[in-house]
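Input: a single structure, listed below in structure tokens.
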Amino acid sequence: MNTSLLVIGAGAAGMMAAGTAGEAGIDTILLERNEKPGRKLMITGKGRCNVSNNCNSVQQLVSNVPGNGRFLFSAFSKFMPSDIVEFFEIRGVTLKVERGNRIFPCSDKAADIVDCLRAYAENNSTIIHGRAKELIIKNGEIRGIITHDGVVINASKVIVATGGVSYPQTGSTGDGYILAKQAGHTVIEPVPSLVPLEIHEGFCSELMGLSLRNISVKVIDTKKDNKEIYSDFGEMLFTHFGVSGPVILSASAHIRDMERNRYKISVDLKPALSEEQLDARILRDFSENTNKNFINALDALLPKKLVPVVVKLSNIPMSLKVNQITREQRARLVYLLKNFTVTVTGFRPIEEAIITSGGVSIKEINPSTMESKLVKGLYFAGEVIDVDAYTGGFNLQIAFSTGHLAAQSVIEGE
């Protein structure tokens, strides 16, 4: 089997690359190990697919990529969020901008994004089912690949867009790292990013399933004099192992050197109220429940599931009548509600991460073309590269931009 360009992996980066190259007249094959392309895309953004972020400058995009953002300057410059919006809308998929400048399809259906990309790839390339096993390299130049079924695909250009190792059930099992190593590339050890966090405190299991909305969080690094490394406002979720939810996933991307018990997460359960306002609110609730026990006087203030945990942590006897609670005890309660703190013991397994941090070293990839500096004609795109971003559509922007740049580089090289 012969082709000019072989793209390995039909995710966001791969479908964009195959469609872009094929549209320009390059004979292109897109190799995908799953029966259907875009499997991981179908579950992104809780099934809604946050395709990008409405940034209007390259600097703003780069600032949201803590993992080697400067490497992406050229890729972002040549394919911006505005280009992604135009790409989908001229193909019939209208998009909208939500909180945090997140861009979603108006239909709120990831399937619309996947169907559009799949049609783009199918109309401009040949999609075949198979799994790459080995690169064919001769005299420092790519010559093609051999699949696990023994099929040889000859190609003068190869783009590896196989993703990382997060969500392996979608096909992301690290194949690209194996191929990169065959070509002599350094692979930075993959670690999870945008991932739930395991927590030391046992009360998290008691709170399992509880979702807290409109709270604020701070991540504290105890190894650096309790320096605040991240803050956010939004929603979080308690689980049997610890915490998850949007603000927690975002927080995890800022924890670059995980050590057990090094990081603490402080939750402000009532961010709209100052300590004085919260104290006044508590006094009002107490005055309306003056003869009730403490544990029965917090239902208007907190979710029912949270009440016994807060009571226990406050060290105020649960059976104490609220009219007997001292100012000092009340101040302790206010502080607890504004600083509900848990201790991070680790990330959840990488299989549960939204993205992978780590991958093919950027030092060995030309940022202007996405071509390998070690093997002529070999390119990389998407999550397989050692770049990772915060939540908000930035990781898909990376996939689209690097896939597009790799394809353009192939086109210009013809």
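Counting from 1, the numbers follow the sequence of the chain as shown. Bear in mind the structure is a predicted one, so any value in this text is a computation, not a measurement.
Around atom NZ of K363, no more than 12 heavy atoms belonging to other residues, nucleotides or ligands sit under 6.0 Å away.
Taking the ring centroids of F71 and F76, they lie at or beyond the 6.0 Å cut-off. Between H404 and F87, the gap from one ring centroid to the other reaches at least 6.0 Å. Y177 has its ring centre no less than 6.0 Å from the ring centre of H185.
The closest donor-acceptor contact from the side chain of N366 to the backbone of S368 lies under 3.5 Å. Without hydrogens or angle criteria, E198 side chain to T345 main chain gives no donor-acceptor distance under 3.5 Å. With hydrogens and angles ignored, the 3.5 Å screen pairs no side-chain donor or acceptor of T343 with any backbone N or O of K264. The main-chain N or O of I103 is found under 3.5 Å from a side-chain atom of N50 such that the two form a donor-acceptor pair. Side-chain N or O atoms of S250 include none that pairs as donor or acceptor with a backbone N or O of V247 at under 3.5 Å. Remark: side-chain polar atoms of T239 are not paired, donor with acceptor, to backbone N or O of M208 under 3.5 angstrom.
Screening I159, I145, I29, D175 for a side chain to side chain contact (heavy atoms under 4.5 Å, CB included) with I8, the sole residue that qualifies is I145.
In this view, K270 satisfies the side-chain hydrogen bond (donor to acceptor under 3.5 Å, both in side chains) rule with no residue, not counting sequence neighbours. With sequence neighbours left out, K292 forms a side-chain hydrogen bond (donor to acceptor under 3.5 Å, both in side chains) with N289. Residues that satisfy the side-chain hydrogen bond (donor to acceptor under 3.5 Å, both in side chains) test with D386, not counting sequence neighbours, are N68.
Taking all atoms of both residues into account, the shortest heavy-atom contact from C116 to R91 is SG-CB, 3.7 Å.
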